[in-house]
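Here the structure comes first, spelled out in structure tokens, and everything after it is commentary.
Values below: all heavy atoms of this structure, side chains included; hydrogens, waters and symmetry mates excluded. All chains are named by letter (A, B, ...) in the order of the sequence lines, taking the proteins before the strands, and each is independently numbered beginning at 1.
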2 protein chains.
Amino acid sequence: MARTQGSHSDITGPRVREAALRLFARHGYAAVSMRRIAAEVGVQAGALYNYTPDKQTLLFSLLQGHMAELLDALDAAQQSGPALARLERFVHFHIGFHLNRPDAVFISYMELRNLEPAHFQVIEGLRRTYEDRLEDILRAGRAEGVFDMADTKIATLGLIAMLTGVTTWYRPGGRLSADEVAGVYWDMVRRAVAA
Amino acid sequence: MARTQGSHSDITGPRVREAALRLFARHGYAAVSMRRIAAEVGVQAGALYNYTPDKQTLLFSLLQGHMAELLDALDAAQQSGPALARLERFVHFHIGFHLNRPDAVFISYMELRNLEPAHFQVIEGLRRTYEDRLEDILRAGRAEGVFDMADTKIATLGLIAMLTGVTTWYRPGGRLSADEVAGVYWDMVRRAVAA
DNA sequence: GTCTATAGGAAGATAGAC
DNA sequence: GTCTATCTTCCTATAGAC
């Protein structure tokens with residue numbers, strides 16, 4: 001593991017981020033030391049500070065990167081058309097995206113409390129922006145008359161919680177493929193909000 | 001805060017547990033020191049070891065106590081009758097119980113990864129037992145012909161995730177009472193699994 | 001860019017006085 | 001039952017050599 005002195009690598013930065021993401025997800029931000037991240041990468045602890053000013057900024061950067069990627073990917077998925085079709089696409093998108101990034105999803109929900117207040121505000125804002133995308137779909141469907149919910153805001157939060165929960169139990173190679181799982185969830189989502 | 005030497009209290013034990021529960025929920029197990037718990041209680045750090053052999057056992061004990069209470073309370077709620085009525089009771093029970101113990105719920109989901117393997121197995125078993133209670137209701141309803149789900153196991157996990165998510169946004173004194181919130185969720189749950 | 005070495009502090013847990 | 005004091009280990013972050 002230990003690197004010889006003077007060796008270099010253009011990809012140490014990404015490797016630091018990958019190691020930190022995995023370790024934070026597995027053991028928690030506070031429980032993971034900079035030494036341990038460094039050991040995973042194969043450098044000494046001091047070398048990490050070439051890539052982040054401090055541990056807190058590393059966490060923030062990981063969360064911010066994940067949320068930005070999430071929003072970009074959602075926007076890249078087509079979001080026009082009838083609300084029912086938009087909702088189905090959202091369900092498949094959300095499950096597919098989250099199942100492909102279990103570690104990032106995990107720390108985005110678990111490590112919010114370890115962010116400094118200013119950093120927390122930024123991530124919280126991005127999270128709300130994402131929720132608003134789903135809420136827009138539900139409102140559109142209500143206006144179309146195809147959806148009917150007792151409370152649109154609660155429906156938004158409830159559906160996201162249900163869908164995100166898939167990351168707590170899904171394991172690749174299990175009984176169902178990710179797409180089949182999304183289909184099962186879509187069946188429940190559709191009926192939960194159908195008019 | 002600081003207690004004078006030689007003072008006593010029969011209730012220090014419960015206060016240690018309450019302080020640990022609140023601090024673990026707020027900042028995370030790994031981020032909270034024994035000194036900080038002690039300061040919250042008003043004793044010195046060494047005094048905590050009259051109530052727990054170590055920090056890890058304190059966490060385990062909190063989680064175990066919470067899960068035992070959850071299962072006892074569920075069993076105390078009547079669970080006979082038609083599946084539809086049982087499911088409605090489950091929804092109201094789950095939301096009511098969880099909204100009354102936000103800190104315990106939080107650490108029961110967040111701090112599992114900080115448990116030693118043997119402790120983790122115990123808590124995980126209790127959690128599955130609780131999930132099985134809901135799965136039984138869904139299976140009964142399917143047998144009765146009142147429920148219809150694409151996948152009963154996934155429905156179980158999906159519904160619990162949706163319901164538990166209420167703790168992430170609900171604040172007492174908000175727009176809706178806990179009971180009104182449960183009603184909104186029940187509306188979605190009912191339709192998600194109705195035949 | 002990475003190393004070694006270290007400053008400076010905080011952590012979990014224990015010992016013995018009262 | 002709680003205190004003070006302390007052991008030992010680990011932590012984040014920095015300095016300066018290569």
State plainly whether the residues B:Glu135 and B:Arg139 are in salt-bridge range, i.e. N to O under 4.0 Å.
yes
Are OP1 or OP2 of [N] and a side-chain N or O of [X] less than 4.0 angstrom apart?
X	N	value
A:Gln44	C:dT2	no
B:Ser33	C:dA10	no
B:Thr12	D:dG1	no

Show your reasoning for whether side chain to side chain contact (heavy atoms under 4.5 Å, CB included) applies to B:Lys55 and B:Phe24.
CA-CA 11 Å; B:Lys55 190 184 173 189; B:Phe24 288 166; 4.3 Å; yes
Parallel, tilted or perpendicular: rings of B:His94 and B:His98 (30°, 60°)
parallel
Where does the angle between the aromatic ring planes of B:Tyr130 and B:Phe93 fall among parallel (under 30°), tilted (30 to 60°) and perpendicular (over 60°)?
tilted
Nearest whole angstrom, please: distance from the [atom2] of [N] to the [atom1] of [X].
X	N	atom1	atom2	value
A:Lys55	D:dC11	NZ	C1'	8 Å
B:Gln56	C:dA11	CD	C1'	16 Å
B:Leu58	C:dG12	CG	P	11 Å
B:Tyr49	D:dC3	OH	P	14 Å
B:His27	C:dA11	NE2	C1'	17 Å
B:Met34	D:dT8	CE	P	20 Å
A:Asp54	D:dC11	CG	C1'	14 Å
A:Tyr51	C:dC3	OH	P	10 Å

Specify the residue among B:Gly46 and A:Arg36 whose closest nucleotide of DNA chain D lies further upstream toward the 5′ end.
B:Gly46
Taking the side chain of B:Arg35 as its heavy atoms from C-beta onward, which of C:dT2, D:dG1, C:dA13 lies nearest to it?
C:dA13
